[in-house]
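Chain naming here is simple, since letters A, B, ... match the order of the sequence lines and numbering starts at 1 in each. Bear in mind the structure is a predicted one, so any value in this text is a computation, not a measurement.
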Number of protein chains: 2
Amino acid sequence: METSQREDQQRAAARRRKELLEAADRVVLRDGPGASMNAIAAEAGITKPILYRHFGDKGGLYRALAVRHTDGLLAGLRAALDAPANRRDRVERTLDTYLAAIEARPQVYRFLMHPGEDSGQPESEQGFDAGRQSAPLLRRMGEELAQVIAERVDLGTGGEELARVWGHGIVGMMHAAGDWWLRERPCPRETLVRHLADLLWGRLAAAGDRTDGPGF
Amino acid sequence: METSQREDQQRAAARRRKELLEAADRVVLRDGPGASMNAIAAEAGITKPILYRHFGDKGGLYRALAVRHTDGLLAGLRAALDAPANRRDRVERTLDTYLAAIEARPQVYRFLMHPGEDSGQPESEQGFDAGRQSAPLLRRMGEELAQVIAERVDLGTGGEELARVWGHGIVGMMHAAGDWWLRERPCPRETLVRHLADLLWGRLAAAGDRTDGPGF
DNA sequence: GGATAGAGTTACCGATAGTAACAAGCAGGT
DNA sequence: ACCTGCTTGTTACTATCGGTAACTCTATCC
């Protein structure tokens, strides 16, 4: 059995690429999304042009980095979404999976979602990049959820379009609420999950008007 | 009546600042969020250091720009939110106000929300800035909505916290769905508004499971 | 031994944010 | 008349960053 030279080289390149990505990960998590290509190359023990040979440009590197993390998160969400349970439980578990992920690794979250903000010391403002990572993650999650909704919920005619609207809308709700919650931590995670599920369960429509209060 | 020299100067400075912001607006809307300080200064008929004297740094300029647009949008949303109508109508009108705004001026929207993406020709990737504008707008809208919810909806004890969760969640839903809709335009605006309002009205909870389809 | 291919380096380019340092107009006080 | 102080404006510069061209080194295959 002869592993051809070609195959060997390709495997070596893939391994190298993975090493570079891990180095980039360390730097980005340490220096924030403003990490420079020079810094990443130095962390990997090499120099810039090699990074460019592997990833094309900075966007390519950051995209590869984002895909790594995004895939991990999406796998978890898919599991929660497809679990054998009633709908309310599935929704709560999915919300909780997402929130637990961003709670556990806020640095990664900020890299994926808020690539414009430094995470560490108040460094110079310039040079951050890869702003376009957040939208793809949100969009991928939205499409994923839309598909699950369309598959498992009976929405009648035109349900496919409705499912997509809801998929993106629910993901956006989860994202914005999670972002706010991560910043202010106003309540424990389960509470947030319950509140959001309540919202999706129509509690806003069911609640009565307030008639008390000053002036009424 | 002596207008003191000091007051005159301050008014002149404010007027100048407004002119500069208008020039910056034109450039940003033409060149996308990657507009350089040099380009903005040239459009205003001056040179860079003056911009820096007025706005401190690029973030300051972009922040001032964002505040301008954000205030306009928020005023419209407040009006729709406080209109004398039943809750469903208010919700639909608010959603429609937001979506109409981003539909009418997508360039402004992209500047506020996706500062990382060029809008025009595929220019060089570097130099965009002011990534942190989108979060403040979303947060301000979330807090605004939370306040209206807390004021007008009876949510029982702990309602204030619930209102904030919902405020941010609903704003995120609106934002993500709007972003997706603006990109793909899969349906007319009224349809999107109705779908989102239906989601908030608990139609997801009320719908039955699908039992048809291949394999079941 | 000599050609070939990849990994790696140095040294550079062009653009950008941001900053001195300096010049010109214009008030008011002496 | 002259100086002082303030604002507006300029030119010319620095530092940094993304990205690239051209070169070297090493190992492998013929």
field: N-O pairing of A:Arg88 and A:Glu92 below 4.0 Å
entry: yes
B:Leu61 CG - C:dT16 P separation (whole Å): 15 Å
message: By nearest heavy atom, map A:Lys48 and A:Arg53 onto DNA chain C; which one lands nearer the 5' end?
response: A:Arg53
- prompt: Given axes from five pairs at either end, by how many degrees does the helix from C:dG1-D:dC30 to C:dT30-D:dA1 bend, rounded to 10°?
  reply: 30°
- request: Looking at every strand, decide which applies to B:Ile46 at a 4.0 Å heavy-atom threshold: base, sugar-phosphate, or nothing.
  value: sugar-phosphate
task: Please report the shortest heavy-atom distance between A:Glu161 and B:Thr191, naming the atom on each side.
output: OE2-CG2, 3.4 Å
field: Length of the line joining B:Phe55:CZ and D:dT8:P, which is rounded to integer Å
entry: 12 Å
- prompt: Nearest-Å distance, NE2 (A:His54) to C1' (D:dG19)?
  reply: 17 Å
- prompt: Rounded to whole angstrom units, what separation is found between the CG atom of A:Leu51 and the P atom of C:dT9?
  reply: 10 Å
- prompt: Can a side chain N or O of A:Arg17 be found less than 4.0 Å away from OP1 or OP2 on C:dA7?
  reply: no
query: Under the 6.0 Å and 45° cation-pi test, does A:Arg185 pair with A:Trp181?
result: yes
statement: A:Asp57 has its side chain closest, among C:dG18, D:dT10, D:dG19, to D:dG19
task: Kindly give the heavy-atom pair with the smallest separation between B:Asp31 and B:Ala39, and that separation in Å.
output: OD2-CB, 4.5 Å
- prompt: Side chains of A:His168 and B:Asp179: is there a donor and an acceptor less than 3.5 Å apart?
  reply: no
message: Could you tell me how far apart A:Lys58 (NZ) and C:dA15 (C1') are, to the nearest whole angstrom?
response: 15 Å
- prompt: In whole Å, what is the span from the CG atom of B:Asn38 to the P atom of C:dA17?
  reply: 7 Å
field: Length of the OH-P vector between A:Tyr52 and C:dC12, whole Å
entry: 19 Å
statement: Of C:dG18, C:dA20, C:dG8, the nucleotide closest to the side chain of A:Arg16 is C:dG8
query: Choosing from C:dT10, D:dC17, C:dA17, which nucleotide comes nearest the side chain of A:Ser36?
result: D:dC17
- prompt: Within this structure, what is the CG-to-P distance between B:Asp31 and C:dA15, rounded to whole angstrom?
  reply: 15 Å
query: The side chain of B:Thr47 lies closest to which of these nucleotides: D:dT10, C:dA17, C:dT10?
result: D:dT10
message: Please determine whether the number of non-hydrogen atoms from other residues, nucleotides or ligands lying under 6.0 Å from atom CZ of A:Arg203 exceeds 12.
response: yes
- prompt: For the residue pair A:Ala35 and A:Val27, what are the closest heavy atoms and their distance?
  reply: CB-CG1, 3.6 Å
task: With the side chain of B:Met37 defined as its heavy atoms from C-beta on, choose the nearest nucleotide among D:dG18, C:dG8, C:dA17.
output: C:dA17
